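This report refers to the structure that appears directly beneath it.
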Amino acid sequence: MAGDNALVVAGGATGLVLAALCLTLAGSGQHGTVTGLRVTAVLALPFLVGAYAAPALAVLWPGKFSEWLLARRRSFGLTFSAVFSVHLVLIARFLSLPPSPPPTALGLTLGFVAYVLLAGMVLTSFSRIAKALGAARVRLLRRVGEQWVFAVFTLTLINGASKHSALWLVPLLIVMAAYAMRLKVWARASRL
């Protein structure tokens, strides 16, 4: 799985390069920082959706692609985390400016919890830590974490579509399609 590790490194490095380009070309103030936040979110989206939708795709449309994606779900999640570590640095930069308008306490709280859960999921990708926590705790952390992170990402897209631009609808529709797939699989399993 050396190729999978390369994906994680490449994703994080790409996020870092794009963030630096945004800050260089759009300025190191609020405009450049917000541009970097948007670019890193767009870069992270396919990895988040891939990791989140992989189990549903494997059930709904079994085949080579869904098997390939499911086998690389961990790598997609870790790549999302690598890109979002760059995103976190940009958030810290944004908050230091001071931003206008300032973020809400609710938004900051939801994001903080998402990053704590994301960090926990990354740590449990290491077998020693996962073993020390136990399979049941790791499973619970991953179940809650993936839903929380995906929900916060979705809420951010809804907010962006309603306040900033209709262009936010494209990633929002992608995210909603992933939700629909997961819901369909859940409904199918509930009937059994």
Side-chain angles (χ1 to χ4, degrees), residues 1-54 68-69 72-104 107-123 125 145-146 148-178:
M1 291 278 203
D4 293 339
N5 291 335
L7 179 65
V8 176
V9 171
T14 302
L16 193 58
V17 167
L18 290 174
L21 278 171
C22 290
L23 293 171
T24 301
L25 298 175
S28 60
Q30 181 166 328
H31 178 68
T33 305
V34 169
T35 302
L37 286 166
R38 290 181 180 154
V39 167
T40 54
V42 168
L43 176 62
L45 178 69
F47 301 110
L48 176 63
V49 171
Y52 188 79
W68 176 87
L69 188 60
R72 286 158 184 80
R73 186 175 186 222
R74 176 182 176 270
S75 294
F76 270 60
L78 290 173
T79 304
F80 169 79
S81 298
V83 174
F84 250 54
S85 64
V86 176
H87 193 80
L88 180 60
V89 171
L90 289 168
I91 290 171
R93 170 77 184 133
F94 179 72
L95 293 173
S96 74
L97 289 176
S100 176
T104 65
L108 289 173
T109 302
L110 293 174
F112 175 77
V113 172
Y115 270 104
V116 169
L117 290 167
L118 193 58
M121 290 188 293
V122 168
L123 289 172
S125 72
E146 77 175 352
W148 187 277
V149 170
F150 205 79
V152 170
F153 203 94
T154 303
L155 289 172
T156 303
L157 291 172
I158 291 169
N159 184 50
S162 68
K163 291 184 179 176
H164 301 296
S165 167
L167 290 175
W168 290 65
L169 290 173
V170 174
L172 180 59
L173 289 173
I174 293 167
V175 165
M176 297 311 286

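Counting begins at 1 with the first residue of the sequence. Just so it is clear, the model here is predicted, and its values are computed rather than measured. Keep in mind that the numbers below use all heavy atoms, side chains included, and drop hydrogens, waters and symmetry copies.
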Heavy-atom closest pair, residues Val122 and Ser81: CG2-OG, 3.3 Å
Under the side chain to side chain contact (heavy atoms under 4.5 Å, CB included) test against Leu37, which residue among Val42, Thr156, Val86, Leu90 passes? Leu90
I need the minimum non-hydrogen distance between Leu110 and Trp148, along with the two atoms involved. O-NE1, 3.2 Å
Heavy-atom donor-acceptor pair, Arg72 side chain to Asp4 backbone, under 3.5 Å: no
Which class fits the ring pair Phe80 and Phe153: parallel under 30°, tilted 30 to 60°, perpendicular over 60°? perpendicular
Run the side chain to side chain donor-acceptor pair (under 3.5 Å) test against Thr40 and tell me which residues pass, sequence neighbours left out. His87
Sequence neighbours excluded, which residues qualify as side chain to side chain donor-acceptor pair (under 3.5 Å) partners of Arg73? Glu146
Distance-only criterion, 3.5 Å: show the donor-acceptor pairs between side-chain atoms of residues 111-120 and protein atoms not counting sequence neighbours.
from   : atom 1 : to    : atom 2 : distance (Å)
Tyr115 : OH     : Phe84 : O      : 2.9
Tyr115 : OH     : Leu88 : N      : 3.3

Looking at Gly11 and Leu43, what are the two nearest heavy atoms and their distance? O-CD2, 4.0 Å
For the backbone of Ser100 and the side chain of Gln30, can you confirm whether one donor and one acceptor N or O come within less than 3.5 Å of each other? yes
Are the side chain of Arg93 and the backbone of Ser28 linked by a donor-acceptor contact shorter than 3.5 Å? yes
Residue pair Pro46 / Phe76: nearest heavy atoms and the distance that separates them: O-CD2, 4.0 Å
Kindly give the heavy-atom pair with the smallest separation between Thr35 and Cys22, and that separation in Å. CG2-SG, 3.7 Å
At what distance, to the nearest 0.5 angstrom, does OG of Ser96 lie from CD1 of Ile91? 12.0 Å
Residues Leu7, Phe47; criterion side-chain contact (heavy atoms from CB on, under 4.5 Å); working and verdict: CA-CA 10 Å; Leu7 179 65; Phe47 301 110; 3.9 Å; yes
